[in-house]
*Asks:* 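Next up is a structure, given as structure tokens.
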Amino acid sequence: MELSAKYNPAEVEDKWYSYWLEHKFFHSEPNEKEPYTIVIPPPNVTGILHMGHVLNNTLNDVLIRKARMDGKNACWVPGTDHASIATENKVVAKLKAEGISKEDLTREEFLAHAWAWKEEHGGIILKQLRKLGASCDWDRTRFTMDPDLSEAVINTFVHFYKKGWIYKGVRMVNWDPEALTAVSDDEVIHKDTQSHFYHLKYYISDGNGNPTDRYLVIATTRPETIMADAAICVNPADERHHWLRGKKVLIPLINREIPVIEDSYVEMDFGTGCLKVTPAHDVHDYEIGLRHNLPVLDIIDEHGRLNEEARILVGEDRFVARKKIVKMLEESGNLLKTEEYTSPVGYSERTNAVIEPRLSAQWFLKMDKLAGLALETVESGKTRLIPDKYINTYRHWMENVRDWCISRQLWWGQRIPAWYLPDGKVVVEPDAEAALKAAQAIDPSLKAEDLRQDEDVLDTWFSSWLWPISVFDPQMPGHPDHVPNKDLSYYYPTNDLVTGPDILFFWVARMIMAGNEFMGKEPFHNVYLTGIVRDKIGRKMSKTLGNSPDPLDLIAKHGADAVRIGMLLCSSAGNDIFFDESQIEQGRNFCNKIWNSYRLIKSFAVDENTQQSDVCKVAVDWFDAKLSQTIQTVEDHYSKFRISDALMAIYKLFWDDYCSWYLEAIKPAYADGKPLPMDKATYDATLRYFEALIKMIHPVMPFISEELWQDMEQRKEGETIMFAPTPKARPFDASVITAFEMAAETINAIRGIRNQKNLPPRAPLALKIKGDFPKQAVPVIERLANTSSVEIVPEFSESNGVNFLIRTVEMFVPLTGLINVEEEIAKLEKELEYQKKFLAGVRAKLSNERFTAHAPEAVVANERKKEADSLSKIESFESQLKSLINSK
RNA sequence: GGGAGCAUAGCUCAGUCGGUUUAGAGCAUCUGCCUUACAAGCAGAGGGUCGGCGGUUCGAAUCCGUCUGCUCCCACCA
């Protein structure tokens, strides 16, 4: 194959992805090998790929591809989440744009629209993941509303209901007036919001519903709720308000009479010390109402508009009503003053509507036992959080968890399997048939049409918490007819889970609970928590800011491998990612480097009769050792989930060690305009090393590695780098590495001299070395430093030139006429001065008796070595200085 | 309001048990090169009082206290 000077990912990526699919390389079935399993964090079914997905799925793919090459039976289960509220919102918005209101549709009609939407937009994101190179087992693709997965959810509900952990109760819930549903506490975001603090006069009643001229003052941010007031409350210890005891006051504008009550909940020094109690529209007020038996008057409807009970401003939106009522209160003389005020206000995570506390009947799941066990799972280390700093937050959440409100007033999702009898009794069964049977057990005369199923659906997380179990066995253990399933027993528990910390509680903790409940075992061993992808100035990526690049554009522009590298280079676990396209360019450059190194080695010719040169021998032996050393480092990084460090180690091994040093050392010389052939031993080693390198990089850069691996030799149909075993480290001689490093440092120093003295790279220079230097490194220096001669001598016989030190070895390059003696003297003096200061520091330490007495022997010995090295350097500098001065 | 975390080069980050480090990497920057794989490249160079102050210790980027600045989580003082 002819190779162009630049790597072109577009020509390569689709080809190999199709090849992988065609041969079902991603597919896994239980076998005798050790399983390695990951379930995908299911993206919203109608979602599209964003940079967060790219990060997450690249990490997943790196782990799964690494495991596959490590010889495990790797299985990555993909799928999507029905995302009840998010999807329903989208469908409602789409219908609205077509002039259809959800309220005009029956449940069945609406669901038909929703499924049509899902068929049209669903799974786009999974197609996009293929572009990224994700090696998911697509045959196992799951959707949380697949019929059998829905069945698992329903059975789970029945399971907990029969266990007595699910109950229905009237509670103050977080009501989203836009989505028209309750949302959980976790779905409410509190933001400090600028508002007003209105001070209102409530006149004391004369007992007959007429105002006297005395009044009290309350301070409120929500004047539109005064019509729902049930009492005015003061702190019993607040003497300022004792005169109000037993009094009744009149609500402004509507003149309804309400009592003054006392409760220590009221803060004396906040506001006026008088609190208006509005049980229907505030959580705390509701609790005060319960304590004092106050009536609950609900004046706000599900849309957030005032209803008939309000008596005034009926039908007005709560915020419009607020403005209007302020004006009315002002006119009536009840508004004493208005203050600017900033207070936390809850917003719906989904619709950004201001949450309205609202009383309603909802279904709850008791959390105490589930949370206790889930905490134990993490604290005992059965499931590890990476980074482990999240354990504190996790513990706090588990210890303060409240019962989980699992019902949602939506249609898109699993409908709650509860049926109401005409008398209000409820039966909970997996389906209508079973429900009728159960109902007839209570009242044999009942018929199917007498039963009414609960209208609500279940919270999305109530289905996705089963994900690591239900994707393998939708019937779920715990079901009375459950038969153990081969997939579940083989793949569960899964190994690692990669996800964002924002859903640690929503999803991860709840999967642990479900795992404990149904499997008696944690669902995964490690949870790798990524950071949030931000733009380069630290803003969260969002559609509204328009600061999020389209990953597919990036892939088209730079290639999938480049995008993957770009994401990984800046992603240590748990830290937020500051994304910058230049990181992807770095990845693209690396692809090109790999590509061109391959072009070079492909151009090598072999001659079986050529003897291996010294320099080739040294380079081959060195890289052999270096490769093993780096493999050890990389494996260590992987074992600690330090993926970006593992990648960086491979990157440097490839670029610096293999390309810049190894290939430059063994690259054939030219004769008569043609490169000389290479000996076979070197050639074979070079290819062997290249193959090891592309195998090491394959989990991160699947496409280019497959392309080059396939090109290296004639591969059979069905062969792939995907299953090539990860290179293994072998024992190596560290002194081989040291020797080469010293040669490299020497070469760098000589190049530096050339650069500094403005000498052309090929200007012949002689090198003299004094002292103990590894002889095998000499040919490397000759080859790469363009020296005319390298001699190891007992003493330097001349002084006109440049002196330098490599570690503790003195070196000298004669440079007659090319050096400025004054400059050299100044340079040496500076170094000498620094060295003397350094020596003084070391000696101060050594002469401190407490140091020599307390410090470990090895540390003291090291200080002594520093002292000796420093002394020898000083001696060398001084003698160089002397001869330089003499030569003037 | 409560809790947690972070602060190391221009940027993003390593730095393990306090001592093999006279604080490292990648990118960016600067200088010189179109040298027979690669200018998406090569060679070289510069750049840090480890956020401030105090303490423990023979020894602190590392441990403790405190201040400053950021981030996140939890929390409806109406």
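Remember, predicted model here, so these are calculated numbers, not experimental data. Only heavy atoms go into these numbers, but all of them, side chains included; no hydrogens, no water, no symmetry mates. Naming convention: chains lettered A, B, ... in sequence-line order (proteins, then strands); numbering from 1 in each chain.
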*Asks:* Does C74(B) have OP1 or OP2 under 4.0 Å away from a side-chain N or O of Tyr394(A)?
*Replies:* no
*Asks:* Checking all strands, does Tyr341(A) fall into the base, sugar-phosphate, or nothing category for heavy-atom contacts under 4.0 angstrom?
*Replies:* sugar-phosphate
*Asks:* Would you mind classifying the nucleic acid contact of Glu356(A) as base, sugar-phosphate or nothing, using non-hydrogen atoms under 4.0 angstrom?
*Replies:*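 Answer is nothing: Glu356(A) stays at 4.0 Å or more from every strand.
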*Asks:* Scan for side chain to side chain donor-acceptor pair (under 3.5 Å) pairs involving residues 845-856 of chain A, sequence neighbours excluded, and state none if there are none.
*Replies:*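 Sorted pair list comes back empty.
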*Asks:* Does Glu267(A) reach a base, just sugar-phosphate, or nothing at all? Heavy atoms under 4.0 Å.
*Replies:*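 Base, at least one base heavy atom under 4.0 Å.
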*Asks:* Look at all strands and tell whether Val277(A) reaches a base, only sugar-phosphate, or nothing, counting heavy atoms closer than 4.0 Å.
*Replies:*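 The answer is nothing, as Val277(A) stays clear of every strand by at least 4.0 Å.
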*Asks:* Listed by chain and number, what are the side-chain contact (heavy atoms from CB on, under 4.5 Å) partners of Arg395(A), not counting sequence neighbours?
*Replies:*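 Result, side-chain contact (heavy atoms from CB on, under 4.5 Å) vs Arg395(A): Leu375(A), Glu379(A), Ile391(A), Asn392(A), Glu399(A).
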*Asks:* When we call it a touch if two heavy atoms are under 4.0 Å apart, what does Cys659(A) touch: a base, just sugar-phosphate, or nothing?
*Replies:* base
*Asks:* For each nucleotide in nucleotides 11-16 of chain B, reading 5' to 3', give B when a protein heavy atom comes within less than 4.0 Å of its base, S when such contact involves only the sugar-phosphate, and - otherwise.
*Replies:* -SSSS-
*Asks:* May I ask you to decide whether Lys557(A) forms a salt bridge with Glu581(A), counting only side-chain N to carboxylate O separations under 4.0 Å?
*Replies:* yes
*Asks:* So, is Trp655(A) close to the C42(B) phosphate, meaning a side-chain N or O under 4.0 Å from OP1 or OP2?
*Replies:* yes
*Asks:* Does a side-chain N-to-carboxylate-O contact under 4.0 Å join Lys865(A) and Glu863(A)?
*Replies:*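 Answer for the salt bridge query: no.
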*Asks:* Under 3.5 Å for both pairing distances: what stems, at least three Watson-Crick or G-U pairs long, include RNA chain B?
*Replies:*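 Listed by first number, the stems are B:1-7 with B:68-74, B:10-13 with B:24-27, B:29-33 with B:41-45, B:51-55 with B:63-67.
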*Asks:* Under 4.0 Å, counting only non-hydrogen atoms across every strand here, what does Ser597(A) touch: a base, just sugar-phosphate, or nothing?
*Replies:* base
*Asks:* May I ask you to say what Phe590(A) touches in the nucleic acid, namely base, sugar-phosphate or nothing, with a heavy-atom cut-off under 4.0 Å?
*Replies:*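 Nothing, no heavy atom under 4.0 Å.
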*Asks:* Using a heavy-atom cut-off of under 4.0 Å over every strand shown, decide if Gln835(A) touches base, sugar-phosphate, or nothing.
*Replies:* base
*Asks:* Decide yes or no, distance alone: a donor-acceptor N/O pair under 3.5 angstrom between the base of A43(B) and the side-chain of Gln756(A).
*Replies:* no
*Asks:* In plain terms, say whether Glu635(A) and Lys640(A) are close enough for a salt bridge, that is, a side-chain N and a carboxylate O under 4.0 Å apart.
*Replies:*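 Answer for the salt bridge query: no.
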*Asks:* Measure the shortest side-chain to side-chain distance between Val277(A) and Pro279(A) over non-hydrogen atoms and say whether it is less than 4.5 angstrom.
*Replies:* yes
*Asks:* Over all strands shown, is Pro357(A) touching base, sugar-phosphate only, or nothing at heavy-atom distances under 4.0 angstrom?
*Replies:*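 Answer is base: heavy atoms of Pro357(A) come under 4.0 Å of a base.
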*Asks:* Can you confirm whether the side chains of Glu339(A) and His199(A) place a donor and an acceptor under 3.5 Å from each other?
*Replies:* yes
*Asks:* For Lys191(A), which contact category applies under a 4.0 Å heavy-atom criterion: base, sugar-phosphate, or nothing?
*Replies:*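 Result for Lys191(A) = nothing.
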*Asks:* Round to the nearest Å and state the distance from Tyr651(A) atom OH to A40(B) atom C1'.
*Replies:* 11 Å
*Asks:* Show every side chain to side chain donor-acceptor pair (under 3.5 Å) that has at least one partner inside residues 647-660 of chain A, sequence neighbours left out.
*Replies:* Gln586(A)-Tyr651(A)
*Asks:* Indicate yes or no: does Asp672(A) engage Lys674(A) in a salt bridge with an N to O separation below 4.0 Å.
*Replies:*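 Judged by the 4.0 Å cut-off on N to carboxylate O distance, Asp672(A) and Lys674(A) do not form a salt bridge.
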*Asks:* For the pair Val173(A) and Val183(A), evaluate side chain to side chain contact (heavy atoms under 4.5 Å, CB included) and give the outcome as yes or no after the intermediate values.
*Replies:* CA-CA 7 Å; Val173(A) 295; Val183(A) 295; over 6 Å; no
*Asks:* Using a 4.0 Å heavy-atom cut-off, does Lys6(A) contact any base of the nucleic acid, only the sugar-phosphate backbone, or nothing at all?
*Replies:* base
*Asks:* What pairs meet the ring-ring contact (aromatic ring centres under 6.0 Å, His included) rule with one or both residues in residues 260-280 of chain A, with sequence neighbours excluded?
*Replies:*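 Sorted result for residues 260-280 of chain A: Phe197(A)-Phe270(A), Tyr265(A)-His284(A).
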*Asks:* What parts of residues 742-752 of chain A reach RNA chain B, counting only heavy atoms under 4.0 Å away?
*Replies:*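 Heavy-atom cutoff 4.0 Å gives Asn748(A), Arg751(A).
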*Asks:* Is it true that Glu741(A) and Arg807(A) make a salt bridge, defined as a side-chain N closer than 4.0 Å to a carboxylate O?
*Replies:* yes
*Asks:* Map Tyr7(A) and Gly273(A) onto RNA chain B by nearest heavy atom, then report which one ends up closer to the 5' terminus.
*Replies:*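 With Tyr7(A) and Gly273(A) compared, the 5'-side residue is Tyr7(A).
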*Asks:* Could you tell me which residues satisfy ring pair (Phe, Tyr, Trp, His ring centres under 6.0 Å) with Tyr286(A), sequence neighbours excluded, listed by chain and number?
*Replies:*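 Expected list: none.
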*Asks:* Using a cut-off of under 3.5 Å, enumerate the N/O to N/O pairs linking the protein to nucleotides 6-10 of chain B.
*Replies:*
none

*Asks:* Can you find a side chain N or O atom of Lys593(A) that sits less than 4.0 Å from OP1 or OP2 on C42(B)?
*Replies:* yes
*Asks:* Reckon Asn589(A) has a side-chain N or O less than 4.0 Å from the OP1 or OP2 of G41(B)?
*Replies:* yes
*Asks:* Give me each pair satisfying salt bridge (charged side-chain N to carboxylate O under 4.0 Å, His left out) with a member in residues 271-288 of chain A, each pair once, sequence neighbours excluded.
*Replies:*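 Non-adjacent pairs meeting salt bridge (charged side-chain N to carboxylate O under 4.0 Å, His left out): Asp229(A)-Lys276(A).
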*Asks:* Strictly by ring-ring contact (aromatic ring centres under 6.0 Å, His included), give each pair with a member in residues 558-580 of chain A just once, sequence neighbours left out.
*Replies:* none
*Asks:* Applying a 4.0 Å non-hydrogen cut-off, can you work out what Lys667(A) is touching in the nucleic acid: base, sugar-phosphate, or nothing?
*Replies:* base
*Asks:* Each nucleotide N or O in nucleotides 55-62 of chain B that has a protein N or O under 3.5 Å away: list the pair and distance.
*Replies:*
unit_1	atom_1	unit_2	atom_2	d
C58(B)	O2'	Asn848(A)	ND2	3.1

